[in-house]
Structures are given as C-alpha cells and as structure tokens.
Amino acid sequence: MILAPQRSPEGAGGAAPGRRAEAVPLIALHDVAKVYPNGRQALIDVDLLIPEGDFVFLVGPSGAGKSTLIKLLIRDELPTRGAVFFDGRDVVRLRRGEVPRMRRRIGIVFQDYKLLPRKSVAENVAFALEVTGALGRVVRPAVERALAIVGLTAQRDQLPTQLSGGELQRTAIARALVHEPKVIIADEPTGNLDPLTSWEIIQLLLRINDLGTTVLMATHNAEVVTALRRRVVALEEGRVVRDELGGAYHREY
Amino acid sequence: MILAPQRSPEGAGGAAPGRRAEAVPLIALHDVAKVYPNGRQALIDVDLLIPEGDFVFLVGPSGAGKSTLIKLLIRDELPTRGAVFFDGRDVVRLRRGEVPRMRRRIGIVFQDYKLLPRKSVAENVAFALEVTGALGRVVRPAVERALAIVGLTAQRDQLPTQLSGGELQRTAIARALVHEPKVIIADEPTGNLDPLTSWEIIQLLLRINDLGTTVLMATHNAEVVTALRRRVVALEEGRVVRDELGGAYHREY
Amino acid sequence: MLRFLVFSLRRAWQGFWRNVVMSLAATATMVLMLLLMAGLVIVLTGLNAGLEYFERKVEVEAFLVNEASPPEIEAAMAEVRALPEVSAVRYVSKEEALQRFREFTAAQGQPDLTDVLPSNPMPASIEVDLVDPLVYGEVVKTLEAQEEVVDAVLQTRDVVEALLTVTGTLRIGGLVVLGLVGLTVFFIVINSVRLAVVARADEIEIMRLVGASDAFVRWPFVFEGMLVGLLGAIVTLGVLALAYQPLSRLMFDFFQVLPLDFGRFVMRDVALLVVGSGVGLGALGSYVSVRSYLAR
Amino acid sequence: MLRFLVFSLRRAWQGFWRNVVMSLAATATMVLMLLLMAGLVIVLTGLNAGLEYFERKVEVEAFLVNEASPPEIEAAMAEVRALPEVSAVRYVSKEEALQRFREFTAAQGQPDLTDVLPSNPMPASIEVDLVDPLVYGEVVKTLEAQEEVVDAVLQTRDVVEALLTVTGTLRIGGLVVLGLVGLTVFFIVINSVRLAVVARADEIEIMRLVGASDAFVRWPFVFEGMLVGLLGAIVTLGVLALAYQPLSRLMFDFFQVLPLDFGRFVMRDVALLVVGSGVGLGALGSYVSVRSYLAR
Ligand SMILES: Nc1ncnc2c1ncn2[C@@H]1O[C@H](COP(=O)(O)OP(=O)(O)OP(=O)(O)O)[C@@H](O)[C@H]1O
Ligand SMILES: Nc1ncnc2c1ncn2[C@@H]1O[C@H](COP(=O)(O)OP(=O)(O)OP(=O)(O)O)[C@@H](O)[C@H]1O
Ligand SMILES: [Mg+2]
Ligand SMILES: [Mg+2]
C-alpha cells in the first residue's frame, strides 16, 4: 500500500522513465514473475510503473507475456512472485468484495473478447454499467453512445454468434468504454479490424487519454505504434527488454 | 455440376480475370446472395471464380461479408440465392455423407479458431488428420511437422485455454495445413500475430501455393497485400467492388 | 435492494429462455422427481390412513357373567366411560356375540361349529375403545373390580402389540422408503441444476472479470433455479390434477375403509410439498452450484 | 472397423475424464436411478415370494366321517394323490384338528371355547395341496365320490379367490409402480446424459466443420455414455453388495417365509438388470442426444 508510491521515483530503474515520473503511479509491478502451473515461465523480473494519464503500448512477439501481464493487473491470475499495485493497493491482497470494485474501475478489452454468449451486443455493453449499480435510465443512453462510437448501432440486438470478427472486437471495445473507467487496458484491440476502423479506434483512445484516462494497449500494429511515438514497453520471453518514450514498433515482431 | 466449368470462361465478367482463366475453376460462386435469418443482407450479387492453384486475398471493411463468403464455401451456411461450386460440385446439393468428405479436402483457419476446447494443441492438429481416416503412425510425424512449421512444438500439450492469442491462431493454421488439403481457406489468419510471425505464415502459404495448393485468404493486413501483388477481391457491404490481379490493399479499410 | 431484486428476476427470466433447452431439460427432471415424491407421499398417506383404521379397532373387552343385571351393567359401563383413556363404551349381547363369531369363522373359511353346540356359549361383553391403543391406564383394573358383573377381561395386549408392530413396521418402512426417495430426488434435482450451471461456467467467469460482484452473479441464477422449480411444480400439479379422479378411485378400492375427507386434505398438503420442494430445491441447487464457481 | 472401434473407445475414455465434472454428475444421477430401480425390484421380488407362499397354502380339505377306517382313508388318499392337479396329500387327525383350532383362536385373540365342549367336535380331515391354486380339476369330485369316508368337502373356492384377488392386486400394483419408476429412471438418465451432451454442442459443431463424419462424432459420445452407465452400474452394485447383509436380514424378518435361495438368485438378476440398463441407457441417451446435433 505505501510501497508503491514510495518506490515510484527510483523503482523501475533506468529502463522505465514514465512520462510523469513524479506522479503517483496508477499501475506498478515490482519484480513480478509468473510461472503457470504447467511450468511455463510467462513473466520474469518485470518492473513497470505506469503513472496516471499515461498512454503505453505493450509490444512483443506472440507468447511474450503481454496478456499474462494484463491478467495480473486485473487479478485474473496471481503472480508467482512480486507485487502488483493498482492505485496504491496491492492487487493480490484485496479482500473478496474489493476485487469486483477494482475491476469496475478498469475498462478491459480482452484478446478473446469474452462477451456473454447469450446476451445481445447492447446487453453485453450494458452489463459493464449495470455491475456498477447504474440506474436503468443512465444505462440506455450511455450504451447507445458507446455503440455509436464503435459503429455498431445497427447490430445492437445481434447475439455474439451473429457478429463478424471485427464487430465482436468493437463490441468488446464499447463495453470497455461505456462506464468511463479510470484506466483502459486493451489487449490487441485492433487485430480483427480493417486499417481504417483501427485508426478510428486508436484516435478514440488518444482522445480519451487526453481527457485523463490512462491507457495500456497490447498490440502488434507496428504502423500505429511507430506513427504515434508514445511510450512503448517491449516484452520478450517474459522480460521487459525495452521501455522508451516516443518509441517505434521496432524490430520485426 | 456441369454448370460451373461451362460458365467459367465468361462467368465472372470483366471484373474477375483470374490468373488462369482457362483452367477449371476450383471454387465458383454464381449470383450468390446471403440474407441471415435476422434480415441482415451479408452478400449480394456475388460472382466469383477461383481457378485451381490461385492465390487470392479477400479484403474489405469489417462486416463486409468476407467470413460469410467463406462459410458458404464450406457449407457452414447455405446461400439464400445462387449456387456455390467446389471442384465442380454444387455444395448446396451435396448429400449428407458427402459434406464431411468435401470439408476434408479443405484446410480452414477460422477467424475465431474453432479449436476443440478439451484437446491439446497436438490433439487439435491431429484431429484434422484423424477424420480423414489416417493411420496413427502417419498422424504423429505429420502433426509434429505442422507444429514445427508454426513454432508450437514447445506448446504441443497445452490446452487452448493455456495458449496466448497468437498461439491459438498458429494452432488453427497448423490444423489447416496438416492434412495437405487441396485448398487452404484462411479467415484473418494473422490478426493476432506479430509482424515477423505474420510474414513467416504468409511466406509459408506462398510456398504451399507454389506446390499447387489453392489459397484464399481474408485479411486486413494492408502491408502484406500491397507487398505481394497477388489477386485481390474486395468486398464492400456484401458486394464485390474490386477483383484485380496484382492489386494493392488500397483505400484505408 | 428492491431494484436489485427486480433486476435479478428479469435476468433470471431471460436466462431461463436463452438457455431454453437446458432449462426445459432441468424442468423435466424436476417434474419426474416431484411426481415420484408426490406419488409416494400419497400412497404412504393412504397406507397410514388404512393402518389407523385398523388401530382404531383395538379395544378392551370384558366378558360378563351370565347373571349380570342391566342396571349393574349400566353402572359398570358408566364407571369405565368416566376414565380419561376411554373414548367409547359399547354393550354386546350374547346373541350379537354369537352372530359375530359365526360371521368371523365363515369369513375365515372355518366350518361353523356353533350348530353342534347345545346352547349359546358366547358371553355378553362390554367393548371399550381407547383414545390411544397403547395406553390402557386404569381401564383393565376398573373392569376387573366390577366382580359381580365382569367374568374376565380379555387381555388383548398381545394382539394389540402384534398389530401395532406390523403397522409400525409398515410405517417405518414407508418412512424409510420416503426418506431414501426424498434424498434421491434431492440429489438428482441439485445435480441437474448443477449441470445446467456448469455449462455456463464461462459466463460466470466473464461476469466476474467485468466486475460483477458475487451477489450480482448469484441471484439471477438462484431465481432461475427457482423458476425451474416453480415451473416443474406447476406441471407436476397439473399431472396430479389430471390423475386425481382415477387415482382416488383406485385408493378407495384399495383401502376401502378410508375416511371420506382423505382426498381433499392430502391433495392440499401434497400441493404445498410439491411447490415448496420444487422451488426450494431449484434455489438450493443453483445456490450451491454457483457458489462453487464464485469461491475461486 | 476394429481400428475405428479402438479409436472411438480411446476418445470416449478421454472425453469422460476431460469433462470429469459433467461425467461424474451424470454418473451420480445414474447411480441414484439404478439404486431406486434395483431397490424396487428387490422389494417387489420379495413381496412376490411372500405372496406365492400364501398362495401355496391354498388347499382342498375333506372332512372325514368319524367311522372311516385307516385302510379306507389310505385308499381315498391314494386315489387323490394320483390326480395330476395335486401336489401333496396329508392326513389330519381329530386331535391335531382340535389343537390347530385352539392355536388359531388363541392367535386371533378369541376366547377358547373348546374347553366348554363336552367332546372333541373337530372331524379328522384330508388336506390336499394343489399344483396351481386355481385349478381344482377333479379333486373335489374325486373326494366327494368317497362317500363312505368323506363327510363334506370344504368349498374354499371363495376364500381362495378372495386371497388371489388381493395378491393379484398387490402384484399388479407393484408392476405399475415398477413401470412408472422405470419410465422415470429412463427419462432422468437420458435427460442427464443429454444435458452433458448439450453442454458440448460447440465441440460437435467444430468437429463437423473440420470434416468429421457423423459416425466419427457419434461413436465416441455413445461409448462415453456407456462408460458413464457402466461406472454407475458398478457403483450401484457396490452399494447393493454393502447393503446386502442388513437388507436380506430385513427381508427375512419382513417376509418370514421366504425360500432360502431367494437372495442369491435375485441378486444375480438384479446385477444383470443394473448393468444392462445402466449401459443401455447411457448408450441410448448419448445416441439420441448426439443425433439431434448431427441432424442439422
Ligand atoms: N493458463 C496457462 N497455462 C499455461 N501456460 C500459459 C497459460 N496462459 C498462457 N500461457 C503461456 O504463457 C506464455 C505467454 O502467454 P501470453 O498470453 O501472455 O502471451 P502474449 O504475449 O499475450 O502472446 P500473443 O501476442 O500471442 O497474445 C505463452 O507461451 C503461453 O503458452
Ligand atoms: N449468424 C448471423 N446472423 C445475423 N447476422 C450475421 C450473422 N453472421 C454475420 N452476420 C452479419 O453479416 C455481416 C457480415 O458478416 P461477416 O462475418 O461476413 O463480416 P466480415 O467481412 O467477416 O467482417 P470482419 O472483417 O469483421 O470479420 C455483418 O454485419 C454481421 O453482423
Ligand atoms: Mg495475448
Ligand atoms: Mg470475418
């Protein structure tokens, strides 16, 4: 609890500058390792500080550990070693009831979408608001706005099985935005989108970031990463091999 | 049955030249339309001839109907109007027992992978061979070779839930290759892969194509499409809006 | 709170219909199990009513001396009637006794021996019905004290006890069977609700990842289980209502001696039992099943 | 063909363990249902044995004139014994008859009236056991023809028929209950196997899209269903074996007159029934469930 802010100035060492290093880091990983039960070492020696309001690209080849890192942040998996802090609280030590509350403050786009199979597009998006206890009259307009942003107004009543790959992905994005979370964590949110739609989504994330929302985005989209020159954290075989401001996608993975 | 070959010379009109227009078209769509039960018109007036040995990119914005077209080819969905031919046979009129036989001659990478959730990577890949009635002693080495090609030898015994997004996609690719099919149909096979691995997969498909296998690949990867200068079929709102040899990805979708 | 309830109920209703194959399969199981249980309860209640009828026939009988005069007999009967253990007292004359004996032996298929007798050997008697067939209290002593009237008191204690052993055994046997079948019903229903929830484990996981609290996930499932139980109970009651006429006729044929108001009361109890256990088991099954996914 | 069989069996085994929660839930249902059925069959068989014993007590009785001489009686008995409907013939002396009557009335709780009689009024008699209690054939006529020995033949036809009505009702009632429970078991098991298959509908769809033929998809599922059934049957037999001792003691207490070899034979039949219906229902349930997904 106290650890995270304290260690923030020197914590990440030379490799992790952070755009606003003095600010309280919203996300902090200290010396994190993750070994899956089958023995696979997905993360090793990961130190990472993400200050509030940052925009971070997480890159790395397939199997580097990007999704694993994201799973640790939302406590979908527990680290084998080290500590994970979200907003100053140790994610591992949260009490049962606190975990859902923490997750509600994050908007997540899962790599495999994780949409509820028996709910329509609109219901899936609404769900993220409903869990926060929002009133029905607040939910409806917010959902419509989110669907309009990702261009799914026409598909609002289709079930996930009736959607194209890109539409599934956009539904997942809409769900991550709808409750206006403090942080948006997006795992490969444009993999199934055409370049034009991809750019629109990225622009959207940039605008949201400008309004103060922290964004962490795992991606393989070299063009976008290189063009935007934001902070880039590169993983390779579970290690952070690069963490630079204004980075390019760099090396062909 | 006789229709397809006969109509092949003039069938597709000016928009669809085809690299070897005189050859027997392996895949032929005549005036195909698909309206889903909920009323959504996914394909309209689609005519398409793909001669044996061709390499075709299928491009178009999200929701254009690419996956729907592929579903019609393997009889996962039935066309509302028009005829779909595979190797000279009307796919819609196949008898029950013939459908699996037809599917076994195609290697498909589904956009959502469609891996068997309770089978390991190796078992999933082996499955495509086992359904053909291949002997156990043939299956093993073929599976190992396919896994080596996509770089999943180390993950051979993991279940789908234990794989990264790119690993899932590569498993699906390995399954599509393992039985050395006549055609490979890949729906967005590199969406979750880093650029390096994507290029490796594309190179692999090109090599397989050189050996005579027909390849149809739906993709949003503008870089790849533009660089390779192969035949490009573009869909937009269910219509074929472009079909050119040596095309670029073109227009930002 | 109320908002959450309404919300959960709506969710439950949706969940039921969007999983309609699963839901109906679970409902079908529920119906069969409830029918099994209701059928057993009805049969056992009938059996019980039959047994009670037999037990009510238990009585104390005092044989009277031939010389006893009507006023003396009246006095003796009044004294016995005053005892708290006694529910009724009857006088049986010598002629009545002989008649009964003849009927009895005829019913048993025994040859009628009374024809060869020189005179009526049967004594007159006083029959005493007890409130509780096992509590004799002062009855026997009181009767034996009337020496000028009573010749001997029939010690039917052995017979009564034999009879009560049989009815007791049947009752316990019935309860044991009911208990076993009840347990079976319990596990089967829980099991099939569980199967339906297991099939939706992924859904539960997704809900949790998106920030749903345990209560938010649980209650719609519990209500859905209750819905399955309620629907199952309604169908069961429908089937029972259809079967009521032929069933009650069969019951009367079988246990000819049932009190006439048997049917109505039992059916009300059975209806409560069916609805209660349907809804209860549905809720419990869902609760338990969902819990195992929330516990993680 | 054999290769396919081995392949399918291996797949079934894998499928069972990779769905272990589902499989065990289905197995648990199977066990409970088989226990229910086996228990019912055992009880009904016991009841049946008891009823047969009663029926076997049905006999024809000829009262003899007091003057009949031993050789005459012997001759009459020999003639009756020769009839094909007859299974046994016994002589009951006057003393024996009186003794029996005393025991009988004592058991009924009736006062012993024989003490007041001047002499033994009971006649000697010949008791005839019938092969089939309903087929009297020539027995009565033959007995009545022996005029110098036989006084009267006891016409127990009514009693016999009353008794047989009761036993018949009990038997039919038992069979009806068995049939209903059997149907319930059938549907429940099919249903729970179906639930397990429904949960894997996606898997079946994927297999088909990759080019699996119907047989390729179906047989592993059918064998998996059989595996569930077999496992359920084995567990059921285990439970029955454990319950055998206390159960058979209870049975003997209840139907005191059972033939001694009852237990062993019934258990063999029950074992066959349990294994057969477990495996059969498992296979049928899978077959039907998978078919509905293949039909599309
Ligand atoms: N539940 C699991 N059990 C075992 N191994 C796992 C599990 N989940 C992931 N892994 C392994 O951990 C490694 C890292 O996985 P992760 O999903 O973090 O990769 P990634 O960087 O997201 O890759 P991609 O770009 O392909 O999505 C992979 O090699 C994967 O096989
Ligand atoms: N089963 C279905 N029922 C109803 N509508 C459907 C169904 N499947 C697809 N659609 C609709 O048909 C349209 C075309 O879908 P399709 O999956 O073919 O798109 P796509 O070109 O593959 O898009 P993407 O690049 O996003 O994968 C979409 O708008 C989608 O919503
Ligand atoms: Mg990933
Ligand atoms: Mg698609």
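Note that this is a predicted model, so its numbers are computed, not measured. First the proteins, then the strands, lettered A, B, ... as listed; each starts at 1.
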For Ser213(D) and Arg101(B): C-alpha separation, side-chain torsions, deciding distance, then whether side chain to side chain contact (heavy atoms under 4.5 Å, CB included) applies. CA-CA 8 Å; Ser213(D) 65; Arg101(B) 246 174 288 146; over 6 Å; no
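- Counting heavy atoms from C-beta outward, Gln14(D) and Arg118(B) have side chains that stay 4.5 Å or more apart.
- With contacts defined as side-chain heavy-atom distances shorter than 4.5 Å, the pair Leu294(D)/Arg96(B) qualifies.
- Under a cut-off of 6.0 angstrom, the local environment of CZ in Phe187(D) is sparse, with at most 12 non-hydrogen atoms contributed by other residues, nucleotides or ligands.
- Within 6.0 Å of the CD atom in Glu180(B), the count of heavy atoms belonging to other residues, nucleotides or ligands does not exceed 12.
- Between Arg200(D) and Leu116(B) there is no side-chain heavy-atom pair separated by less than 4.5 Å.
- Looking at Phe110(B) and Ile206(D), their side chains never come closer than 4.5 Å, going by heavy atoms from C-beta outward.
- More than 12 heavy-atom neighbours from other residues, nucleotides or ligands sit within 6.0 angstrom of CZ on Arg3(D).
- When every heavy atom of Phe127(B) is checked against every heavy atom of Met207(D), the shortest pair comes out as CZ-CG, 3.5 Å.
- The two residues Arg18(D) and Lys119(B) have their closest heavy-atom pair at NH1-CA, 3.6 Å.
- Using a 4.5 Å cut-off between heavy atoms, Phe4(D) does not touch chain B at all.
- With values rounded to the nearest 0.5 angstrom, Ile74(B) atom CD1 is found 11.5 Å from Arg208(D) atom CZ.
- Taking the side chain as every heavy atom from C-beta outward, Lys114(B) and Glu203(D) never approach each other to under 4.5 Å.
- Taking all atoms of both residues into account, the shortest heavy-atom contact from Gly211(D) to Pro100(B) is O-CB, 3.5 Å.
- In this structure, chain D has a heavy atom under 4.5 Å from the side chain of Arg175(B), while its backbone stays farther away.
- Residues Ile108(B) and Leu209(D) are not in side-chain contact: their nearest non-hydrogen atoms beyond the backbone lie 4.5 Å or more apart.
- For the options Leu135(B), Val99(B), Ile106(B), heavy-atom pairs under 4.5 Å to chain D are most numerous at Leu135(B).
- In terms of heavy-atom pairs under 4.5 Å with chain D, the best-connected choice from Arg75(B), Met102(B), Glu123(B), His179(B) is Glu123(B).
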